[in-house]
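The structure displayed is predicted, hence computed values, not measured ones. Order of the sequence lines sets the chain letters (A, B, ...), proteins ahead of strands, with each chain counted from 1.
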Protein chains: 2
Amino acid sequence: MYSLAEENYLKALFSMSNDKGEVNVNDLSKRLDIKMPTVTSMMKKLAAKTLVHYERYKPLKLTEKGRIEAALIIRKHRLTEMYLVEKMGFGWEQVHEIAEQMEHIQSPEFFAKMDELLGYPKFDPHGSPIPDKKGRMIWATYSKLSECRQGDIVKIAAVVNTSDEFLRFLNSREIHLGLEMKIKSVESFDNSMVVNYDKHLSEMLSHTVCERLLVEKI
Amino acid sequence: MYSLAEENYLKALFSMSNDKGEVNVNDLSKRLDIKMPTVTSMMKKLAAKTLVHYERYKPLKLTEKGRIEAALIIRKHRLTEMYLVEKMGFGWEQVHEIAEQMEHIQSPEFFAKMDELLGYPKFDPHGSPIPDKKGRMIWATYSKLSECRQGDIVKIAAVVNTSDEFLRFLNSREIHLGLEMKIKSVESFDNSMVVNYDKHLSEMLSHTVCERLLVEKI
DNA sequence: TAATTTTGTTAGTTTAGTCTAACTTTGTAA
DNA sequence: TTACAAAGTTAGACTAAACTAACAAAATTA
Ligand SMILES: [Mn+2]
Ligand SMILES: [Mn+2]
Ligand SMILES: [Mn+2]
Ligand SMILES: [Mn+2]
């Protein structure tokens with residue numbers, strides 16, 4: 001239906017809108033590593049296909065149709081990640097690059113089967129919500145670990161800005177989704193935390209790490 | 001490494017060489033539904049990349065390097081088909097279109113995992129051999145069912161020219177790989193056969209069907 | 001062998017998606 | 001409030017992969 005390039009612009013627009021509200025040509029250009037004039041001309045093309053509202057010098061906005069198309073691509077990405085982890089035994093740090101390619105596969109039957117075999121999961125291996133077949137996505141309301149206090153007991157619900165390096169760091173500390181931890185202390189000078197979970201009785205986590213972990217308070 | 005278009009030319013060249021020996025620009029043009037001048041210019045490009053031996057007005061030939069690259073794409077195609085049938089529950093008539101897309105995915109780890117989960121299969125769901133990691137492919141020596149005689153007992157080993165319609169026809173008669181059948185009679189005027197297998201005590205198969213079934217004699 | 005058909009090549013055009021260079025608009029800071 | 005910087009657009013060029021039209025070579029048929 002849409003080209004690989006078009007799909008990548010739609011997906012980037014969608015997730016940047018969710019992160020920051022307004023998306024400018026310059027932001028999109030940096031995100032995709034594509035020069036601004038190229039982005040401008042693609043926006044005109046997507047506007048002609050009624051996927052984007054485009055007005056010269058104004059922030060970019062997906063149309064409802066564009067939002068749905070983007071969500072359906074992200075659905076394929078996240079279902080794939082979940083399948084790779086749950087059914088094929090990959091680690092959560094190994095699946096993103098494969099999913100980047102698989103998300104462009106055109107086969108409703110293939111993704112319907114994945115969904116069925118997985119038991120219709122609501123979240124991917126990084127805790128991000130999987131949009132439904134109509135492109136609707138429910139955002140759970142998690143807190144950053146960094147916003148929690150000494151004594152709080154929390155459950156790890158999702159990771160944000162999931163780079164391979166960060167995920168491997170979490171692996172090395174045996175931190176995974178669903179893990180419960182208690183906050184033993186918060187250092188006031190650098191906002192680092194000392195936490196306690198499983199066999200890790202006193203693990204230090206930097207503020208940078210705590211900002212990237214989303215948790216549910218218990 | 002190579003573009004989608006380049007990979008599709010390599011794959012077509014490979015399987016046409018196996019089928020017919022010599023491959024001409026015209027044959028390739030018809031197979032890919034791409035006009036001859038486009039094929040000629042792509043052959044020059046692939047020759048520059050030492051994947052094809054190209055000489056004006058001469059039949060086309062893959063280089064050793066080209067043969068290996070093509071076999072590795074076919075390996076990904078056939079592993080995918082096998083995975084879809086064995087691990088996801090698709091029918092053998094449903095998997096080709098999905099595999100056409102998946103064969104272009106760049107991820108050695110992904111296909112290595114498939115291979116492992118499948119137990120290193122040697123054949124795909126249609127009985128075609130799966131090339132190994134180095135691009136080597138063993139062709140088993142099967143006979144066509146149409147070349148067998150009255151009284152022969154044979155086992156279905158592979159199907160040739162696997163169209164969805166043909167595979168659905170085989171489904172409707174409960175004919176599948178590994179099935180053993182006995183040839184009850186051969187009609188001399190149209191070369192159709194009456195065969196006997198499982199609960200099918202007297203099933204008539206046309207010559208066209210018998211030519212498309214490869215068997216092992218028992 | 002000569003004529004005709006089929007096959008293949010060359011030359012030039014098109015579209016998608018990228019780029020750089022030059023210019024314009026908008027936002028910010030003196 | 002003017003000057004400068006940042007962001008955005010326009011114009012024009014390039015590459016990959018397709019096409020058509022015209023011509024050339026090879027194969028087939030008469
Ligand atoms: Mn991902
Ligand atoms: Mn994810
Ligand atoms: Mn196939
Ligand atoms: Mn097959």
Side-chain angles (χ1 to χ4, degrees), chain A residues 1-14 16-17 19-62 66 69-70 73 100-101 103-106, chain B residues 1-14 16-17 19-62 66 69-70 73 100-101 103-106:
Chain A
M1 189 71 170
Y2 300 107
S3 74
L4 185 65
E6 287 169 341
E7 291 196 348
N8 285 333
Y9 281 93
L10 288 176
K11 195 161 61 95
L13 270 170
F14 184 91
M16 292 172 83
S17 312
D19 290 356
K20 304 191 298 178
E22 291 213 338
V23 183
N24 303 308
V25 172
N26 194 242
D27 303 330
L28 194 47
S29 166
K30 279 170 184 149
R31 162 70 160 263
L32 294 172
D33 195 22
I34 285 173
K35 296 290 180 290
M36 282 204 289
T38 308
V39 172
T40 297
S41 74
M42 181 59 91
M43 289 307 102
K44 289 175 178 173
K45 199 209 293 192
L46 295 181
K49 297 188 178 188
T50 69
L51 293 162
V52 164
H53 292 296
Y54 175 73
E55 276 186 277
R56 291 154 82 248
Y57 304 108
K58 295 274 167 64
L60 304 169
K61 255 182 79 70
L62 286 171
E69 290 299 334
I73 298 160
E100 280 292 308
Q101 299 179 64
E103 72 193 4
H104 302 289
I105 286 179
Q106 302 295 330
Chain B
M1 188 70 171
Y2 300 107
S3 74
L4 185 64
E6 287 168 341
E7 291 196 347
N8 285 333
Y9 281 93
L10 288 176
K11 195 161 62 94
L13 270 171
F14 184 90
M16 293 171 83
S17 311
D19 290 356
K20 304 190 299 176
E22 291 213 336
V23 184
N24 303 309
V25 172
N26 194 244
D27 303 330
L28 194 48
S29 167
K30 279 168 185 151
R31 162 70 160 262
L32 294 171
D33 195 21
I34 286 172
K35 296 291 181 290
M36 282 203 289
T38 309
V39 172
T40 297
S41 76
M42 181 58 92
M43 289 308 103
K44 289 175 178 172
K45 199 210 291 191
L46 295 181
K49 297 187 178 188
T50 68
L51 294 162
V52 164
H53 293 297
Y54 175 72
E55 276 186 279
R56 291 156 83 248
Y57 303 108
K58 295 276 167 64
L60 304 168
K61 255 182 79 74
L62 286 170
E69 290 299 334
I73 298 161
E100 280 292 308
Q101 299 180 62
E103 72 193 4
H104 302 289
I105 285 179
Q106 302 295 330

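- Nearest nucleotide to the A:M42 side chain, out of D:dA18, D:dA26, C:dT18: C:dT18.
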A:V52 and A:Y9: CA distance, side-chain angles, deciding distance, side-chain contact (heavy atoms from CB on, under 4.5 Å) verdict
CA-CA 10 Å; A:V52 164; A:Y9 281 93; over 6 Å; no

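- With rounding to whole Å, A:N26 atom CG is found 6 Å from D:dA7 atom C1'.
- Toward the 5' end of DNA chain C, the nearer of the two residues B:M36 and A:S41, judged by each one's closest nucleotide, is B:M36.
- Taking every side-chain heavy atom of A:K44 into account, D:dT10 is the closest of C:dC19, C:dT9, D:dT10.
- As a whole-Å value, the separation of B:D33 CG from D:dA18 P is 11 Å.
- One atom, NZ of A:K58, and another, P of C:dT26, lie 9 Å apart when rounded to the nearest Å.
- Within the structure, a side-chain polar atom (N or O) of B:Y9 is placed less than 4.0 Å from OP1 or OP2 of D:dA18.
- For the pair A:Y54 and D:dT9, the criterion of a side-chain N or O lying under 4.0 Å from OP1 or OP2 is met.
- Among C:dG8, D:dT10, D:dC19, the nucleotide with an atom closest to any side-chain atom of B:T38 is D:dC19.
- Atom CD of B:E6 is separated from atom C1' of D:dA18 by 14 Å (rounded to the nearest Å).
- With contacts defined as side-chain heavy-atom distances shorter than 4.5 Å, the pair A:E6/A:K49 qualifies.
- Here the side chains of B:K11 and B:E103 are in contact, with some heavy-atom distance below 4.5 Å.
- One atom, CE of B:M43, and another, P of C:dG8, lie 12 Å apart when rounded to the nearest Å.
- OP1 and OP2 of C:dT24 both lie 4.0 Å or more from every side-chain N or O belonging to A:R56.
- Nearest to the side chain of B:P37, among C:dT9, D:dT9, D:dA18, sits C:dT9.
- Rounded to an integer number of Å, the gap from CG of A:N24 to P of D:dA6 is 15 Å.
- Comparing C:dC19, D:dG8, D:dT10 by their closest approach to the side chain of A:I34 singles out C:dC19.
- The side-chain heavy atoms of B:M43 and B:L13, taken from C-beta on, include a pair separated by under 4.5 Å.
- Residues B:E100 and B:H104 come closest through the heavy atom pair O-CD2, 3.1 Å.
- Under 4.0 angstrom from either OP1 or OP2 of C:dA16 there lies no side-chain N or O belonging to A:S3.
- Put simply, OH on A:Y2 is 15 Å from P on C:dA16, counting in whole angstrom units.
- Distances from the side chain of A:Y57 to the nucleotides C:dT9, C:dT25, C:dT7 place C:dT25 closest.
- A:K35 places its NZ atom 16 Å from the C1' atom of D:dT9, with the value rounded to the nearest Å.
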